[in-house]
Each structure stands twice: as structure tokens, then as C-alpha cells.
Amino acid sequence: MTHTEHPFVEHVEVLSNVRVASGVGLLSLTAPRCAATIRPGQFVHLRIGTQTSNLLRRPFSVHRAYGQTIEILYQVLGAGTLQLAEKEPGDTSMDLVGPLGTGWRVPQNTSHALLVAGGLGAAPLGMLAEQLAEAGIATVVAQGAPTAERLVARVLFDRVARRTEVATDDGSAGERGFVTAVTARLLAAEKFDVVYTCGPEVMERAVIAQCQERGVACQVSLERLMACGIGACLSCVVTTKSGLKRACVDGPVFDAEEVLFDATEIPPKH
Amino acid sequence: MTHTEHPFVEHVEVLSNVRVASGVGLLSLTAPRCAATIRPGQFVHLRIGTQTSNLLRRPFSVHRAYGQTIEILYQVLGAGTLQLAEKEPGDTSMDLVGPLGTGWRVPQNTSHALLVAGGLGAAPLGMLAEQLAEAGIATVVAQGAPTAERLVARVLFDRVARRTEVATDDGSAGERGFVTAVTARLLAAEKFDVVYTCGPEVMERAVIAQCQERGVACQVSLERLMACGIGACLSCVVTTKSGLKRACVDGPVFDAEEVLFDATEIPPKH
Amino acid sequence: MTVDLTVNLGSLPLKNPVMTASGTFASGREFSDFVDLTRLGAIVTKGVSMTPWPGNASPRIAETASGMLNSIGLQNPGVEAFIEGDLAWLSTNASSTPVIVNVSGHSAADYARVIERLETQDSVAAYELNISCPNVDTGGMAFGTSSTAAAEVVRECRSATNRPLIIKLSPNVTDIVEIARTVEAEGADAVSLINTLLGMAIDANTRRPMLSRVVGGLSGPAIKPVALRMVWQVACALDIPIIGMGGIMTAEDAIEFLIAGATCVAVGTGNFIDPTTTMKVIDGIDEWCRSHGVEQVTDLVGSLEVSW
Amino acid sequence: MTVDLTVNLGSLPLKNPVMTASGTFASGREFSDFVDLTRLGAIVTKGVSMTPWPGNASPRIAETASGMLNSIGLQNPGVEAFIEGDLAWLSTNASSTPVIVNVSGHSAADYARVIERLETQDSVAAYELNISCPNVDTGGMAFGTSSTAAAEVVRECRSATNRPLIIKLSPNVTDIVEIARTVEAEGADAVSLINTLLGMAIDANTRRPMLSRVVGGLSGPAIKPVALRMVWQVACALDIPIIGMGGIMTAEDAIEFLIAGATCVAVGTGNFIDPTTTMKVIDGIDEWCRSHGVEQVTDLVGSLEVSW
Ligand SMILES: Cc1cc2nc3c(=O)[nH]c(=O)nc-3n(C[C@H](O)[C@H](O)[C@H](O)COP(=O)(O)OP(=O)(O)OC[C@H]3O[C@@H](n4cnc5c(N)ncnc54)[C@H](O)[C@@H]3O)c2cc1C
Ligand SMILES: Cc1cc2nc3c(=O)[nH]c(=O)nc-3n(C[C@H](O)[C@H](O)[C@H](O)COP(=O)(O)OP(=O)(O)OC[C@H]3O[C@@H](n4cnc5c(N)ncnc54)[C@H](O)[C@@H]3O)c2cc1C
Ligand SMILES: Cc1cc2nc3c(=O)[nH]c(=O)nc-3n(C[C@H](O)[C@H](O)[C@H](O)COP(=O)(O)O)c2cc1C
Ligand SMILES: Cc1cc2nc3c(=O)[nH]c(=O)nc-3n(C[C@H](O)[C@H](O)[C@H](O)COP(=O)(O)O)c2cc1C
Ligand code: FES
Ligand code: FES
């Protein structure tokens with residue numbers, strides 16, 4: 001599942017755009033070429049407006065892809081996602097650059113996988129969960145969110161995962177507390193061949209530490225500010241053991257042990 | 001009909017937006033306060049987009065006003081009017097500043113008026129024609145356009161004017177040639193108390209010259225680039241016998257003999 | 001929680017930090033249908049010169065991406081007409097709001113003469129010297145792009161008045177801090193940052209410039225990053241207060257300038273886009289402070305945290 | 001009607017005037033999925049220094065109104081890695097397109113050393129000296145904001161090569177013409193205008209700068225008016241050709257730069273918004289010339305009509 005398909009520019013049409021959680025929308029786009037080639041963990045670079053005021057594209061993971069359709073889960077944060085929330089079915093003003101980046105990798109002989117999602121970190125794990133299920137790999141999902149209303153992709157995970165465990169900060173769904181308490185317990189109780197995680201960077205770091213403690217392979221999807229999305233501008237660098245890497249082409253998914261989290265890398269503040 | 005009503009900011013809703021001539025749209029807006037107070041020849045300063053890329057408002061004459069509705073005739077020229085053409089009924093994203101400017105004045109004891117419209121110059125003459133008709137003033141309209149498909153407001157003028165005469169450059173409607181040939185003939189044959197003209201500045205100047213030759217009072221609506229629309233920025237100046245005047249408050253309608261057309265005043269190039 | 005919005009611009013106390021940027025608000029009269037002038041921190045008038053100036057030929061404005069160019073050229077009826085007209089109107093209609101007169105000249109002596117003439121007018125609270133107008137041939141920006149020339153203008157004016165003297169600097173310089181230091185040393189009470197960036201627009205179809213003067217001053221959101229940078233640089237280096245401006249459209253923009261180190265802010269081009277912008281910025285600062293637990297707006301000034 | 005799009009950048013003939021702006025196109029490889037590299041007038045590589053440079057801490061970019069700030073800081077693997085990697089790739093995959101290497105250094109000697117190392121490489125067509133990067137502490141913009149320092153860099157490099165030497169100037173100066181004249185006098189073959197404007201963005205909620213380096217370079221449509229103005233000013237004063245850049249997103253933007261006096265244009269930030277921008281600009285210039293009866297693109301260069 002590494003990056004092999006050449007990226008392209010594709011015009012997209014909005015098929016539907018619905019609110020699926022507090023502050024979160026699910027955008028379905030007709031994008032046949034992208035739908036046919038995108039792999040789990042890859043992303044698209046979306047041009048939301050044609051005006052220059054918000055100049056840059058915005059990167060979004062593809063949550064699911066089927067037929068001619070790709071799905072994007074987005075959280076309304078700023079100018080770009082506010083505009084996204086207003087898109088109506090039939091809108092043809094957007095285009096994407098994609099498929100971009102290096103996605104999740106499934107190591108040889110994987111039979112048990114743990115997916116750890118925090119908030120919108122569930123987005124890039126959707127396709128992965130589906131493909132692991134198809135491949136007959138037993139998958140457990142640990143998912144956290146501040147409250148029940150902020151949980152996303154519950155149906156998908158329940159459908160394809162062997163088991164899902166939920167934690168919310170306020171206990172309004174699943175157990176009360178952080179998802180890292182769930183993962184600590186799971187990692188202690190079960191043997192996983194690989195852990196996949198995406199969420200707020202503090203959560204990711206905690207999960208990585210737990211995996212390292214137990215010697216479990218872990219892959220992490222990192223978020224960086226991105227201008228070009230194709231490896232040219234060097235705005236998205238991640239410090240790794242083998243030097244500075246670009247999140248947009250060398251990632252966003254990295255082997256956790258490769259990444260040197262340090263003070264010079266400040267994740268986007270939301 | 002001078003400017004007395006204090007201007008205000010009013011949110012507007014698009015009632016309808018239809019193509020009425022080649023490259024020309026008719027926008028009907030719900031704007032009750034403006035509709036109740038605007039006078040013939042005044043304009044509104046319209047905020048078309050909420051993005052900063054096209055920062056400035058755009059000035060548009062109010063073509064007609066009735067009930068809660070104002071009508072704007074617009075020609076698609078650039079970024080702003082392209083966006084205007086895409087507005088759909090129900091759109092509530094725009095607001096206006098208005099009513100602005102000093103409109104047409106009807107001199108005491110006027111019984112015969114000539115309206116001379118070139119192209120979109122018909123826009124600010126619509127309300128005027130209606131009010132002259134209501135006041136029982138005999139009105140003749142001379143109207144020019146490049147071709148029949150570029151003629152606007154034909155129904156309105158035919159309805160309220162005693163007579164309308166049309167000239168098109170290619171003869172596809174009315175007589176072939178410039179409207180100034182029509183006005184020359186009309187001014188020679190009939191006695192008008194006042195001539196009102198709006199159109200391309202070359203046409204306006206020719207009409208003014210004809211009026212001055214015959215000593216007929218003439219009012220002209222001038223187009224200038226406008227930033228503020230309310231008299232503060234001095235971007236819209238017109239050189240007159242009594243010094244520099246602001247088209248947005250002292251005009252856009254001026255007594256023709258007041259205006260000193262000279263090389264320093266370049267009208268917007270379309 | 002009530003928020004204390006008052007600030008001191010040197011010796012001049014203001015009820016809030018929000019002022020108008022010269023040349024974008026006339027003298028306030030034109031905005032009185034939209035704005036309660038008495039709520040403004042201060043009104044900065046359009047540029048006033050000794051004799052009437054006709055300004056430049058039209059077209060005088062052009063729209064650019066998130067900005068506009070202007071080459072108005074300081075058209076104004078001269079200081080006498082200003083005193084009888086706008087100033088008289090202001091002292092009748094907005095007497096509780098400090099009036100800061102923006103002063104223009106073709107020479108250092110010119111500036112001083114305008115000030116001398118205004119010294120007798122009680123309704124003038126302070127002077128802002130525009131040594132940064134890119135739209136006049138003699139003087140204007142030339143004073144703001146050379147430390148020597150800037151010093152001369154400030155010196156002449158300083159000896160003409162004890163009222164607060166604000167110097168409006170040009171961003172079209174290699175080293176804004178150097179110029180700011182110079183005018184501070186000559187006794188300036190505050191600096192205004194920034195005037196417009198020198199720019200140009202071309203109509204490809206006609207192969208002509210969009211402005212008859214060819215070049216003009218760029219303002220609006222496009223220049224905000226440059227303005228914020230200069231405010232920050234000068235705030236780090238100088239002790240006198242800064243009036244920050246350049247692309248302020250919202251309260252959040254204004255707050256960014258305060259955080260960068262400005263004591264006051266001025267709304268310019270924003271007045272054209274929405275004539276009520278100044279009121280929205282005042283209300284928005286109040287609201288923002290409330291929701292962020294800031295009790296005094298002065299707590300924001302220069303509060304940028306630069307360590308990562 | 002066929003349009004002759006060829007131009008001469010001094011002694012360097014180009015098949016069309018459209019190049020890439022340094023640092024926005026890497027060395028072209030990343031764009032080869034979107035762009036036929038052999039159709040470009042020239043490829044300008046990202047900045048190359050003698051030794052590897054790590055660049056600045058993240059965040060390195062921020063979006064602003066119609067623009068963006070960057071503080072990448074010339075991250076690059078050094079000239080040796082460049083020769084073995086990007087340059088080798090280019091000479092295999094885009095050998096028909098002239099490669100202009102953008103050169104960085106912390107001292108005048110640094111620049112010259114990079115050039116000396118590249119002199120043996122046949123696939124290098126010209127050098128562009130970046131004396132205007134606002135994102136490095138030593139050198140960078142400091143060379144581009146002082147005539148003396150600029151002269152020194154050009155002199156050292158001039159004596160190191162006979163290949164065309166292009167100097168990329170900083171817009172953050174009081175007098176761009178003075179710097180341009182200086183580098184022309186030192187033997188520069190062309191100038192590139194403009195590099196980014198020094199700017200800053202602040203997150204009001206966190207009271208922190210958006211860039212970890214605090215300040216960065218502003219690019220994109222927001223700066224086009226400043227860029228056009230500088231191109232025009234320099235074109236009026238100098239004889240050597242100009243590469244115009246700053247906010248070019250469309251063919252019409254590019255044509256405005258040609259009319260202002262640029263012989264070539266470069267697409268920078270536009271590559272991020274649409275990776276096919278360069279191709280659209282080339283096609284668009286061709287189309288525009290056709291529909292406007294322009295037979296040679298060079299007829300446009302400096303054709304601005306300034307009399308009203
Ligand atoms: C590889 C990748 C995949 C992503 N997938 C998703 C996804 O599936 N769903 C989702 O909701 N979000 C995803 N994001 C984050 C998403 O790109 C940003 O939240 C979005 O760009 C914010 O845009 P905005 O215009 O609303 O916010 P802005 O107006 O730009 O600002 C709001 C906040 O968002 C942050 N932000 C802006 N641009 C980016 C960017 N390019 N990358 C990260 N943060 C940014 C800013 O720091 C700012 O604090 C992903 C980011 C990356 C790098
Ligand atoms: C008092 C007044 C009343 C007007 N009434 C009408 C009307 O009823 N119907 C109508 O179609 N047009 C009217 N105009 C002209 C109209 O404002 C412009 O055509 C419109 O602003 C162009 O906007 P744009 O964004 O499409 O063009 P732009 O993208 O700005 O550029 C297209 C062209 O329009 C010109 N232009 C831009 N702004 C203005 C402006 N503020 N004033 C004049 N020209 C401008 C430019 O010079 C440019 O060549 C009026 C103008 C004034 C001053
Ligand atoms: C139309 C216009 C006229 C201006 N006239 C003056 C002036 O007379 N004196 C002055 O000091 N600045 C003048 N300025 C500059 C503004 O006061 C302000 O410094 C600049 O526009 C940046 O702020 P903004 O982006 O909010 O407009 C003018 C600006 C504009 C747009
Ligand atoms: C992300 C980024 C990196 C850049 N890196 C360089 C560089 O390495 N060397 C250089 O001379 N200019 C560099 N520049 C400046 C551009 O080449 C160009 O001069 C500037 O961005 C203006 O053009 P634009 O508005 O089209 O982007 C960089 C610009 C950006 C946005
Ligand atoms: S976003 Fe440009 S290199 Fe990654
Ligand atoms: S448009 Fe501002 S004064 Fe007329």
C-alpha cells in the first residue's frame with residue numbers, strides 16, 4: 001500500500017454534503033479517477049474556492065472510496081472548511097490534486113491490527129479498516145472523542161471491525177476518559193502485529209510510547225501545514241531518524257519509530 | 001428629486017436574476033428600505049462577494065423600484081458582474097449601501113422631456129421615465145445599442161414613453177447608425193424642456209453639444225470608478241465649473257453645462 | 001465583566017484604541033449616517049495642506065487582489081477651508097472625540113506652517129505628519145524614505161507645537177526601524193504604521209496603467225502581513241506608542257495589531273467596504289476581550305509570545 | 001497566425017518567456033506528473049548552497065489574504081547532492097530545457113564557491129543569485145538590501161563564471177533601481193524581480209506568530225502590484241533584461257509583467273494552487289497574442305503606454 005499511482009488534477013462534483021457529528025461534515029464527491037486509484041491513508045489536496053482570498057489548497061484524507069465516489073470527513077475550523085460546509089450537491093467548482101502521499105502499509109503476515117483514532121483522526125482510518133477486513137485481518141478499533149456528539153465513523157468501524165472500544169472525555173459514549181487508557185489495556189491484553197494511529201499529536205505520541213514499550217510495530221499519520229502537497233515546497237517537513245522528510249510525499253503515514261518528535265515541530269493548533 | 005434621504009446599509013435577498021439581453025442581466029432584489037426611498041438616477045453600492053479577493057463594492061443604478069423590490073440592470077464585464085450573474089434566487093449574501101448620489105432633477109414647468117440612452121445607460125433612466133409619465137410629462141426616448149440583442153428596457157420605455165426611437169450600429173433594430181443621429185433629428189423637430197442622457201461618454205458629450213447648440217437644458221449621468229460611494233475617498237471626481245465634484249454625492253447626475261470634460265478625466269474603459 | 005478599552009496615545013487619553021486612517025474617512029461627516037462619531041477613539045482627518053491641492057488626474061483607484069491602489073494625491077481645499085468647514089463641523093457634531101489632523105506639505109516648512117495655523121484651534125487634539133504619501137511629486141514619500149529628510153520635517157514641526165506629534169511612516173523603506181528611531185529622537189510622540197505600499201496595476205488589453213499617475217498606494221488586506229511585521233519590528237525597538245494600520249477589516253485584525261505592539265489601530269480601506277467597520281471593530285474588540293478574559297485592552301499591547 | 005514566443009534572456013535563448021520561480025518548483029521532478037518540463041522556457045531550481053542547510057523550524061507557512069507567508073529558509077541538501085540528484089535527473093529527463101541554478105550563500109565567497117563547483121556541469125545554463133531571501137539569518141536578504149553588499153556578491157560570482165548571471169533582488173528596499181543599477185554595473189546579465197516581501201502573521205487566539213521564525217516572505221497575488229511597479233521602475237532605468245514574478249496565476253498576469261518591461265516571467269506560488277499553472281500560462285500567452293494580433297511575444301516587452 002505504498003504510493004505508486006501518479007497524481008493528477010481532477011475536477012469533482014459534490015454528490016452530497018451532510019453533517020455527521022458536531023462540527024463535522026461528510027462530503028461525497030464524484031471523482032472517478034481518484035476513487036479508482038486512491039489507497040488507504042493517502043489524501044487529496046482540495047481547491048475549495050476559486051477566489052484568491054483563501055489561496056491555498058487544503059489537504060484531506062480520503063475516508064472511503066467506492067465506485068466513482070470518494071468520501072471526506074471534515075471538521076469545520078477556519079475559512080476553508082467553512083466554505084466546504086456550504087457546498088451543495090451539484091457544485092462543480094472544486095478540483096483535487098491526488099492521490100497524494102504514502103499511506104498505511106500492512107506488514108507481511110499481519111493477522112491482528114489495532115486502529116487508534118482520536119477525533120477526526122478516524123478519517124484516514126476508514127478505508128484502512130475496510131481493506132483490513134477484506135483481507136481477513138482481525139481488527140480492533142479504539143476510538144476517542146471529547147463527547148459522544150463528536151464521534152465519527154461509528155457505523156463503518158462497527159461494521160468492519162471485530163470489536164470497537166470507545167472513550168469520551170465526558171463519558172457520554174463508551175468509557176469516560178482518554179482513548180489512551182483503552183489502548184493501554186488492549187495492548188496489555190492482546191497481541192497485535194501492528195498498530196495504526198491518527199489523531200491529535202499528544203494522543204499519537206502516547207500511543208507510540210505504549211507500542212514502543214511493548215515492541216509492537218506502529219504507524220502514525222501526521223498532520224502538517226501543506227502548501228504544494230506534492231513535495232516541492234518543503235513546508236510540511238517532519239524530522240526523522242533519516243533526516244527531514246516531507247509529510248506530503250514521504251508521509252503522511254510514517255513508521256512511528258522513524259519519527260523524531262521534537263520541539264521544532266509544532267503541529268497545527270486547532 | 002435631489003438627494004435628501006440618509007443612506008444606510010441594507011441586506012438584500014435575490015428575488016430573481018435573469019438574462020435580458022446579450023451580456024446583460026436583470027437582478028431583482030428584496031430591499032424594502034431602499035425601495036421606499038430611492039429616487040430616479042440614484043444608485044446603490046453593492047457588496048457582491050464576502051471574500052476579500054474582489055474587495056470593493058460596485059455601484060449600480062436602480063433601474064426600477066416598487067413595493068419591496070429594486071431592479072438592477074447589469075452588464076457582465078469583470079470579476080464583480082461575473083459573480084453577480086451567478087447569483088440565484090434566495091441568495092442573501094449581499095448587502096447594499098444606498099440610496100446614494102444626486103439623481104435626475106425635473107425643472108419647474110417641464111412638459112416635454114427627451115431621454116437619451118446608450119447601451120446600459122438605459123438603466124438609470126428607467127425610474128425616471130416612469131415618474132415622468134406619472135407626472136404627465138410627455139416623454140420621448142431615444143435609445144441606441146450596438147445590436148438588437150444589446151437593447152434593454154424596451155418594454156418599460158414603450159409602456160411609459162409617448163414615443164421611443166431606436167438606433168443600432170448594425171441596423172438590426174430601429175434605424176442603422178448612432179443614437180446621436182436620432183437625437184439631432186428630434187432636437188431639430190421638437191421643443192424639449194429638458195434632455196436626460198446616460199451612456200458611453202462619447203455619446204453623452206455629443207448629446208450635450210447638440211443641446212448646448214440649441215440652448216436646451218441637459219442633465220447627464222456620469223460613470224466614475226468609486227471606492228466609498230459616500231463622498232469620502234475622492235476617487236470619483238468630476239471637473240466642473242465650480243471645481244472638483246464627487247460623482248458619488250454631487251452626482252452621478254450633473255447639469256451638463258456644469259461639467260468640464262477634459263483630458264484628465266478618463267471614463268472607465270469597457 | 002466589563003472591559004477597560006481606554007488607551008493613552010502618549011499624553012492623549014482615548015476612550016478606545018480604534019481610530020480612522022487618514023484619507024479614508026474624510027473628516028467623518030460623510031460617515032455620520034453610518035457611524036456614531038462620538039464612539040470613535042479618535043478621528044484622523046484627511047491630509048490638510050497650507051494651500052488647496054487638486055490631487056491627481058483620474059482614474060485614481062484600481063482594485064487588486066485583496067487590496068486597492070489609490071493615487072488620489074492629497075486633494076484638499078487647504079487649511080483655511082478645512083478650519084471653516086470640516087473642523088467647525090466636527091467641533092459641533094463630535095466634540096467628545098479627539099480630532100487628529102493629518103498634515104501634508106511639499107517642504108518641511110510647509111508642514112510647520114499648517115501646524116502653526118492650526119495651533120489656535122482648540123478642537124485639534126494632535127497632528128499626524130504624513131511623510132509617506134506615494135502620490136505626490138514633491139515631498140510626500142520622499143520625506144519618509146530618508147532619515148535626514150524625516151528628521152528635518154519632525155524638527156520643524158516639533159518647534160511649532162507642544163501638542164502630540166504623530167509621524168506617519170512609509171513602508172517603502174529598507175529599514176523602518178531606522179526611520180522610526182530618527183523621528184523618535186527628534187521628539188515624535190508616536191508613529192503611525194503603515195502608509196500604503198507603492199504599487200501598480202496594468203490593463204493588459206489596453207496596455208495602459210490602471211491609474212493615470214501609473215503608480216499608486218496599495219492598501220487593504222493584501223498588505224496586512226507587511227504592516228504587522230513593521231509594527232512588531234518598531235515596537236521591539238522603540239518606546240513611543242504606535243498606531244497600527246494596514247488591512248484592518250475586523251476586530252480580530254485589530255487585535256493582531258495590538259498583540260504585535262500597536263497601542264491604537266486605524267481602519268482605512270475597511271471603511272469603504274463597510275461604512276460601519278469602525279463600530280464593528282470597537283464592539284468586536286470588547287467582545288473578544290470579554291470572551292478571552294482580558295480586562296484591559298492595554299494588556300494585549302505587545303503581548304506577542306515569540307518563543308516556540 | 002503563429003506566434004513567435006521565443007525570447008532572449010541576454011545571451012540565453014528561450015523557447016518561451018515562462019520559467020519557474022525558485023523554491024516553488026523544487027527542481028521540476030515533483031511536477032513532472034503534471035507538467036511537460038520540456039515545454040518550459042527555463043527551470044529555475046530551488047536554492048542550492050555549498051553545504052546542506054536544514055531550513056527553519058515548523059510551522060513554515062501561513063495563509064494570508066490573497067497570499068502566503070513562508071519561512072522555509074532555503075532547506076537544501078547542498079551542491080554535491082544537488083548535482084548527483086536533481087541535476088542528473090534533469091539532464092536525463094528535461095535536457096532540452098535550460099536549467100538555471102538558484103544559488104544561496106552566507107557570504108560572497110559562499111556564492112562563488114557554489115558556482116565554481118557547478119562550472120563543470122554542462123547541464124547548467126545560468127545562475128540566479130538569491131541575494132534576497134528574508135528567511136536566513138546570515139546573508140540572504142542582507143545582500144540584497146545594501147548596494148555595497150550586493151556589488152560584492154556579484155563581483156565575486158562574476159569572476160567565477162562566464163555563464164549568464166541573474167541577480168534576484170529583494171523588494172524590501174527603499175530604492176530598487178539603485179540596487180539594480182549596482183548589480184548591472186558589476187556585470188549582471190539580468191535581474192529577477194521580485195523575491196518575497198517581509199511579512200508576518202499572528203494567531204490572535206494563541207497570541208503567537210503563525211510562523212516559528214516570526215517573520216517570513218509574502219508571495220502570491222497580494223504582492224503583484226508591488227512586483228509590477230518594481231519591474232516597471234527597473235525596466236525604465238536599466239538595459240539588462242528582467243525576469244518578472246510575484247503573484248502570477250494566469251496568462252494575463254504574465255502579460256502584464258511583459259508589458260511592464262519584463263523579458264521573462266516566473267510562476268511561483270501559482271504552482272502550489274494549480275500544478276499545471278506554467279502550462280496554462282504558456283498556452284494562454286500564445287492564445288492572447290493570437291487574439292490580439294501580436295506576432296512576437298517580444299513586441300509586448302515594455303510596451304506600456306503611460307501617456308493618458
Ligand atoms: C495529510 C492531511 C490530511 C488531513 N485530513 C483531514 C481530514 O480528513 N479531515 C479534516 O477535517 N482535516 C484534515 N486535515 C486537516 C485539514 O487540512 C485542516 O483542518 C484544514 O486545512 C483547515 O482548513 P481551514 O481552511 O478550515 O482552516 P484555516 O482557515 O486554514 O485555519 C484553521 C486551522 O487549521 C489549520 N490548518 C490550515 N491549513 C492546514 C493544513 N494544510 N494542514 C493542517 N492544518 C491546517 C490552521 O493551523 C488553523 O489553525 C488533514 C491535514 C493533512 C496534512
Ligand atoms: C453611479 C454608477 C452607476 C452605475 N450603474 C450601472 C448599472 O446600472 N448597470 C451596470 O451594468 N453598470 C453600472 N455602472 C458601472 C458598474 O459599476 C461597473 O460596470 C461594474 O462595477 C464593473 O464591475 P466588474 O466587477 O464586473 O468589473 P471589474 O472587474 O472591476 O472590471 C471591469 C471593468 O469595469 C470597470 N469598473 C470597475 N469598477 C467600476 C466602477 N466602480 N464604476 C465604473 N466602472 C467600473 C473597470 O474599469 C473595468 O474595465 C455604474 C457605475 C456608476 C459609477
Ligand atoms: C483612498 C485613500 C486615501 C488616503 N489618503 C491618505 C492621506 O491623505 N494621508 C495619509 O496619511 N494617508 C492616507 N491614506 C493611507 C491610509 O491612511 C492608510 O495608511 C493605508 O490605506 C493603510 O491602511 P488600510 O489598509 O486600512 O487602508 C489613504 C489611503 C487610501 C486608500
Ligand atoms: C515556498 C517558497 C520558497 C521559496 N524559495 C526560494 C528560493 O529558494 N530562492 C529564491 O530565490 N526564491 C525563493 N522563493 C521566492 C519565489 O521564487 C518568488 O520570488 C516569490 O515567491 C514571488 O513570486 P510568487 O508570488 O509567484 O510566488 C520562494 C517562495 C516560496 C513561496
Ligand atoms: S506540502 Fe509542499 S513539500 Fe509537502
Ligand atoms: S466614491 Fe468615494 S468620494 Fe466618491
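Nothing here was measured: the structure is a model prediction, and the numbers come from that model.
With a 4.5 angstrom heavy-atom cutoff, Thr64(C) touches chain D only via side-chain atoms. For Leu197(D), the part sitting under 4.5 Å from any heavy atom of chain C is the side chain, from C-beta outward, and nothing else.
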Passes side-chain contact (heavy atoms from CB on, under 4.5 Å), Met200(D) versus Val231(C)? Steps please.
-> CA-CA 10 Å; Met200(D) 174 175 179; Val231(C) 166; over 6 Å; no
Starting from the C-alpha separation in whole Å, work towards a yes-or-no answer on side-chain contact (heavy atoms from CB on, under 4.5 Å) for Met230(C) and Leu198(D).
-> CA-CA 9 Å; Met230(C) 290 192 164; Leu198(D) 193 61; over 6 Å; no
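Here the options are Val215(C), Val214(C), Leu69(C), Ile202(C), the test is side chain to side chain contact (heavy atoms under 4.5 Å, CB included), and the partner is Arg229(D); only Val215(C) passes.
Taking 4.5 Å as the heavy-atom cut-off, the residues of residues 171-186 of chain C that approach chain D are Asn172(C), Val173(C), Thr174(C), ordered by number. Residue-level contacts of residues 217-228 of chain D with chain C, in order of numbering, are Leu218(D), Pro221(D), Ala222(D), Pro225(D), Val226(D), Leu228(D); threshold 4.5 Å between heavy atoms. Near-neighbour residues of residues 249-256 of chain C relative to chain D, defined by a heavy atom under 4.5 Å from a heavy atom of that chain, comprise Glu252(C), Ile255(C), Glu256(C). Scanning residues 283-291 of chain C against chain D with a 4.5 Å heavy-atom cutoff picks out Trp288(C), ordered by number.
Annotation: maximal heavy-atom pairing with chain C below 4.5 Å, among Leu300(D), Thr145(D), Ile259(D), Leu258(D), occurs at Ile259(D).
At a threshold of 4.0 Å, the pair Glu305(D)-Arg207(C) does not count as salt-bridged, since none of the basic side-chain nitrogens sits closer than that to a carboxylate oxygen.
Taking a 6.0 Å sphere around CD of Gln296(C), one finds it holds more than 12 heavy atoms contributed by other residues, nucleotides or ligands.
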